[in-house]
Amino acid sequence: QRSFANSSYAITQTLLFISPNIIFLVCVLATPVLLRDSQHKFESFIYTTPLDKFVYLVSRYLGLLLASLLVMCVMLLAMMLTSLFLDPKQAGNFNPFYYLSSFAIFIVPNVLLCVSIIFSTSIFTKNTLAMYVAAIVVYVLYIIGSVLGNSPILANSSPLTAGNYG
């Protein structure tokens, strides 16, 4: 039994292969947004205005989160459009629910986690290097967890069926 390119398994496998790299996307998006004020010594002006610090930080967090999700949505749309150009015998039936469910289950929580880690690191340290070191640490921990957890992403796996098991 073979797996089609538009199957839920293949879509999830592709998204899981992309997901560890989200942390670097978030770093690239966060550097100019989160560290601009501290690098240009503009924080003292912002905090002296009537703008509440909590509102200021939440708006920065939500902006980074929405920008990261937007980039990932464009990636998902590109995956959907690419599948339309595949041979129908290889692709199988197109079902947008497979794409959206895998995106909601795997990508959205991963983006939330990555944005939270990078945001908190940048707010507490106000240092670009510390932000990238945190990203590398998260990436390395993901790879170590995948290896120790026998992740199918790193093992070149195939779906378990009666024909290929054992």
Side-chain angles (χ1 to χ4, degrees), residues 3-43 53-54 56-83 86 91 95-160 164:
S3 179
F4 292 109
N6 272 336
S7 70
S8 179
Y9 177 81
I11 294 165
T12 302
Q13 191 88 358
T14 304
L15 289 176
L16 287 176
F17 185 74
I18 294 169
S19 73
N21 301 309
I22 292 172
I23 190 83
F24 299 114
L25 165 77
V26 172
C27 277
V28 168
L29 293 174
T31 301
V33 173
L34 298 177
L35 299 177
R36 175 181 53 217
D37 296 333
S38 65
Q39 289 175 344
H40 297 294
K41 310 291 186 227
F42 199 71
E43 282 182 326
K53 188 175 183 179
F54 177 76
Y56 172 74
L57 292 176
V58 168
S59 67
R60 291 288 171 113
Y61 177 81
L62 290 177
L64 180 60
L65 179 64
L66 291 176
S68 301
L69 284 174
L70 180 66
V71 171
M72 296 311 294
C73 284
V74 169
M75 181 265 321
L76 185 69
L77 183 63
M79 281 179 61
M80 289 175 160
L81 290 175
T82 304
S83 70
L86 295 175
N95 188 348
F97 178 74
Y98 293 160
Y99 289 91
L100 297 175
S101 63
S102 294
F103 185 83
I105 292 171
F106 296 108
I107 298 299
V108 172
N110 198 358
V111 168
L112 277 168
L113 176 70
C114 292
V115 166
S116 298
I117 290 170
I118 296 303
F119 182 81
S120 61
T121 303
S122 68
I123 294 301
F124 288 127
T125 64
K126 296 180 183 5
N127 187 341
T128 306
L129 183 62
M131 197 169 63
Y132 282 105
V133 167
I136 291 170
V137 166
V138 169
Y139 187 79
V140 167
L141 288 175
Y142 177 84
I143 297 299
I144 290 172
S146 296
V147 169
L148 295 177
N150 198 18
S151 171
I153 300 297
L154 297 177
N156 194 15
S157 70
S158 61
L160 287 177
N164 66 2

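Fair warning: this is a prediction, and the values are worked out from it, not measured in the lab.
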### Message
If I take atom OG from residue Ser122 and atom OH from residue Tyr132, how far apart are they, to the nearest 0.5 angstrom?
### Response
11.0 Å
## Note on the structure
Rounded to the nearest 0.5 angstrom, the OG1-CG distance for Thr82 and Leu77 is 9.0 Å
### Task
Could you pull out the closest heavy-atom pair between Ala104 and Pro109, with the gap in Å?
O-CD, 3.3 Å
### Query
To the nearest 0.5 Å, what is the distance between CD1 (Ile118) and CD1 (Ile123)?
11.5 Å
### Task
For residues Tyr61 and Val115, determine if any side-chain heavy atom of one lies less than 4.5 Å from a side-chain heavy atom of the other.
yes
### Check against side-chain contact (heavy atoms from CB on, under 4.5 Å), Met72 and Ile18
CA-CA 10 Å; Met72 296 311 294; Ile18 294 169; 4.1 Å; yes
#### Entry: Worked verdict on Tyr99 versus Ser83 for side-chain hydrogen bond (donor to acceptor under 3.5 Å, both in side chains)
CA-CA 11 Å; Tyr99 289 91; Ser83 70; 3.3 Å; yes
#### Entry: Met131 side chain reached by Thr125 side chain, heavy atoms, under 4.5 Å
no
### Query
Can you find a pair of side-chain heavy atoms, one from Ile23 and one from Tyr142, that are under 4.5 Å apart?
no
#### Entry: Euclidean distance, Phe103 CZ relative to Cys73 SG, rounded to 0.5 Å
4.0 Å
### Message
Is the shortest side-chain heavy-atom distance between Ile107 and Ser19 below 4.5 Å?
### Response
yes
#### Entry: Inter-residue atom distance Tyr9.OH - Ser102.OG, 0.5 Å rounding
12.0 Å
### Query
Could you state the interatomic distance from CG (Leu66) to OG (Ser59), rounded to the nearest 0.5 Å?
11.0 Å
#### Entry: Check against side-chain contact (heavy atoms from CB on, under 4.5 Å), Leu76 and Leu100
CA-CA 8 Å; Leu76 185 69; Leu100 297 175; 4.1 Å; yes
### Task
Check whether any side-chain heavy atom of Leu15 lies under 4.5 Å from a side-chain heavy atom of Met75, and answer yes or no.
yes
### Query
Any donor and acceptor pair, going by atom type alone, linking the side chain of Thr31 with main-chain N or O of Val28 inside 3.5 Å?
no
### Task
Any chance you could lay out the side-chain contact (heavy atoms from CB on, under 4.5 Å) test for Asn6 and Tyr98, step after step, and finish with the verdict?
CA-CA 8 Å; Asn6 272 336; Tyr98 293 160; 5.7 Å; no
### Query
Just one of Leu112, Val108, Val111 clears the side chain to side chain contact (heavy atoms under 4.5 Å, CB included) bar with Ser68, so which one?
Val111
### Query
Is it true that atom CZ of Phe119 has more than 12 heavy atoms of other residues, nucleotides or ligands lying nearer than 6.0 Å?
yes
### Task
For Pro20 and Asn110, work out which heavy atoms get closest and say how close.
N-ND2, 4.3 Å
### Query
Taking the side chain as C-beta and beyond, is there a heavy-atom pair between Ile143 and Tyr139 under 4.5 Å?
yes
### Message
Name the residue from Val71, Leu65, Leu64, Ile117 that meets the side chain to side chain contact (heavy atoms under 4.5 Å, CB included) definition with Val26.
### Response
Leu64
